[in-house]
Amino acid sequence: MARLNPSTAINRENPFKRNWLSTSLWILLGLYLVYSFNAMGLSWQRISDGLGFAGKLLDKMFPPNFSRWELLLNGLGESLEIAIISSIAGIIISLFLGLFAARNMMPGWVSTPTRTFIAICRTFHPVIIAILFVKSVGFGALAGILTLIVASIGFIAKLFAEAIEEISLKQVEAIRATGASFVSVILFSVMPQVFSRFIGFSTYQLDSNLRNSTMVGIVGAGGLGGTLFSAFQRFDYDFVAAILITIIALIMFGELLSNIIRGVFR
Amino acid sequence: MNTTNYNYQRFTLRQKLSRYTVYLVIIIALVQSIRTVEVIPEFFFDAPTQMADLFSRMWPIDFDFYPISVHGAMIETLNIATLGTLLTLVFALPLALMNASNVVSSVWAHWIARFFLVSSRSINSLVWALLFVAIFGPGVIAGVLAIAFRSVGFVGKLLGEAIEEINMGSIEALRASGASWMTVLLKGYWPQVMPAFFSLVLFRWDINVRESAVLGLVGAGGIGVVLNDSMNLFQWQRVSMSLLAIFVVVILAEIIVVNIRKRLI
């Protein structure tokens, strides 16, 4: 740190100048708020009306009703099954797709179509994919599994391809110099460098598949979401509260589990 | 094998055992899931035919439908995403400050903040939308609130982590000069977390555009309502129009966000 100069009263600048960029951003923000409230017809009347209903709803939700625990457990089991199968299948598929999409491993005519495919998997929200699968393979767990496989590919394959593109090529060269085949190059020079990051992405995806497996049921793709949605439609708000508590517990358990896995593979 | 030099092993016995345990558990879980899950094999093998049928019915995309209702609904979706992101900040900023250990040092505050952040992240935006549709009735308000409540966990957690990583030197200097609590926040913390803050908010806005496109399926406004209606009427050419609109808007949002973030960082 430089020594402080003795300050002179003559040319002392305000250290915190007015920032015209941020001022204009604030003004834009205000204008946008006015515009959007008008465009969407939001009014305080509706909001304050709603707050009254919120009180009633909370009143009905407590205490949570666990008396139909068999139904709850069935949905929970199906959600878990969907999450596990889709995570593992998705991880295995994205292992290959990620490799094919890495531009330093594959020629352009392989990597570009693969990257496009991955981008398409990522663009649509899982719910939209779930709807398409429900229409094509019918209601039930299968649609949920296929949906979450697509969602997993979009996430893991992309990040995995990026991780492979960042590796050091020295080890690849060294293994190649020994005359190793392509598969050996992948197994002994690429995989050791990216494996821990891959585990990181996979556990994250397991987590998010757990969350999403409780949601795809809303459009009929099996799991706890279906139970939740029908409870909503029957206005069984105390059962809804029980399901929500179960979901939160499930996700906390999932976070714990992925922390353990990450610890093992560190 | 006689000399120990050649016995190099990458992992210790304990590491190996724990890894194999994880693999074993994964395989058991997979086998158990496949055995108990209710999947009808005929449906699975039938899927390609059904998919082809679906896409053939979608094919000539009904572009005339765009000006009728897709355009307005798309604007509404973007408004829901933007308003929801702005509303999130109102909740996320205090929670992020409470969660950052170099701003608030109380352990209780951390636990309270973490509880809210975790519950916000655990409940999916569709479920939040269901709750708010039950409270406010179908419409845009439910969508905005669902997006806002869902994003709080994400923004609050990552912003809290960004605050914890800052350099405390300038904070100390400001405190030593006798600056008030608010001044320390505005002139000490804010300039340092500003790039992270904007890039986070933009990133979340991008995610919210995707999410707000589906909220309409449970009645919370936006393009999802149009999508749901045309699907219930089996007007698949209109469905493909809505899907195309969502696709284009999501890609555009991502390109915009990526470019702005590149300049910020």
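Below, read A as the first sequence line, B as the second, and so on, with proteins coming before strands; counting in each chain starts at 1. None of these values were measured; they are calculated from a predicted model.
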Visitor: Can you tell which part of B/Tyr23 gets under 4.5 Å to a heavy atom of chain A, answering side chain, backbone, both or neither?
Guide: side chain
Visitor: Residue by residue, scan residues 237-245 of chain A and write down, ordered by number, those that have a heavy-atom distance under 4.5 Å to chain B; if none do, write 'none'.
Guide: A/Tyr237, A/Leu244
Visitor: Tell me, side chain or backbone of B/Met58 under 4.5 Å from chain A's heavy atoms, or both, or neither?
Guide: side chain
Visitor: Looking at A/Tyr32 and B/Leu78, what are the two nearest heavy atoms and their distance?
Guide: OH-O, 4.4 Å
Visitor: Which of the residues B/Thr36, B/Val250, B/Ile251, B/Ile207 is involved in the greatest number of heavy-atom pairs with chain A at under 4.5 angstrom?
Guide: B/Thr36
Visitor: How close do B/Ile26 and A/Ile88 get, counting heavy atoms only, and between which atoms?
Guide: CG2-CD1, 3.4 Å
Visitor: Say you draw a straight line from CG of B/Asn124 to CD1 of A/Ile247; how long is it, rounded to the nearest 0.5 Å?
Guide: 8.5 Å
Visitor: Under 4.5 Å from any heavy atom of chain B, what part of A/Pro192 do you find: side chain, backbone, both or neither?
Guide: both
Visitor: What option among B/Ile123, B/Leu131, B/Asp53 has the most heavy-atom pairs under 4.5 Å with chain A?
Guide: B/Leu131
Visitor: What is the minimum heavy-atom distance between A/Ser136 and B/Gln50, and which atoms define it?
Guide: O-CB, 3.0 Å
Visitor: Using 0.5 Å steps for rounding, measure from the CD1 atom of A/Ile261 to the OG atom of B/Ser18.
Guide: 11.5 Å
Visitor: With a 4.5 angstrom heavy-atom cut-off, is it the side chain or the backbone of B/Leu83 that approaches chain A, or both, or neither?
Guide: both
Visitor: Which of residues 215-228 of chain A have a heavy atom under 4.5 Å from any heavy atom of chain B?
Guide: A/Met215, A/Ile218, A/Val219, A/Leu228
Visitor: Out of B/Ile34, B/Val118, B/Leu243, B/Ile246, which one racks up the most heavy-atom pairs below 4.5 Å with chain A?
Guide: B/Leu243
Visitor: For chain A, which candidate among B/Ser119, B/Pro191, B/Ser33, B/Ser125 shows the most heavy-atom pairs at distances under 4.5 Å?
Guide: B/Ser33
Visitor: Could you report the tightest heavy-atom contact between A/Ile85 and B/Leu30, atom names first, then the distance?
Guide: CA-CD1, 4.1 Å
Visitor: Report the C-alpha separation of B/Thr21 and A/Val264 in whole Å, then their side-chain angles, then the decisive distance to 0.1 Å, and conclude whether the side-chain contact (heavy atoms from CB on, under 4.5 Å) test is met.
Guide: CA-CA 10 Å; B/Thr21 318; A/Val264 165; over 6 Å; no
Visitor: Which residues satisfy the ring-ring contact (aromatic ring centres under 6.0 Å, His included) test with B/Trp190, sequence neighbours excluded?
Guide: B/Phe197
Visitor: For B/Arg121 and A/Arg211, which heavy atoms make the closest approach, and how far apart are they?
Guide: O-NH1, 3.3 Å
Visitor: Pick from B/Gln15, B/Glu254, B/Glu211, B/Glu76: which one has the most heavy-atom pairs with chain A under 4.5 Å?
Guide: B/Glu211
Visitor: Within a strict 4.5 Å, meaning less than it, do heavy atoms of the A/Glu81 and B/Gln32 side chains meet?
Guide: no
Visitor: Below 4.5 Å from any heavy atom of chain B, which atoms of A/Ile131 appear? Answer side chain, backbone, both or neither.
Guide: side chain
Visitor: Within this structure, what is the CZ-CG distance for the pair A/Phe37 and B/Asn79, rounded to the nearest 0.5 Å?
Guide: 10.5 Å
Visitor: To check you understand the geometry: which heavy-atom pair defines the closest contact between B/Arg210 and A/Arg122, and what is its length?
Guide: NH1-O, 2.8 Å
Visitor: Using side-chain heavy atoms (C-beta onward) and a distance below 4.5 Å, is A/Phe229 in contact with B/Leu126?
Guide: no
Visitor: Rounded to the nearest 0.5 Å, how far does NZ of A/Lys135 lie from CH2 of B/Trp236?
Guide: 4.5 Å
Visitor: Out of B/Thr49, B/Val214, B/Leu217, return the one with the most heavy atom pairs under 4.5 angstrom to chain A.
Guide: B/Val214
Visitor: What part of A/Leu132 is in contact with chain B, defined as an atom under 4.5 angstrom from a non-hydrogen atom: side chain, backbone, both or neither?
Guide: both
Visitor: So which of A/Ile84, A/Leu146, A/Thr123 has the largest heavy-atom pair count under 4.5 angstrom toward chain B?
Guide: A/Thr123
Visitor: Around B/Arg14, counting heavy atoms of other residues, nucleotides and ligands shown, do more than 12 lie under 6.0 Å from its CZ?
Guide: no
Visitor: Does A/Leu250 have any side chain to side chain contact (heavy atoms under 4.5 Å, CB included) partners at least two apart in sequence or in another chain, and if so, which?
Guide: A/Leu76, A/Leu80, A/Leu210, A/Thr214
Visitor: What part of B/Val218 gets closer than 4.5 Å to chain A, counting heavy atoms only: side chain, backbone, both or neither?
Guide: side chain
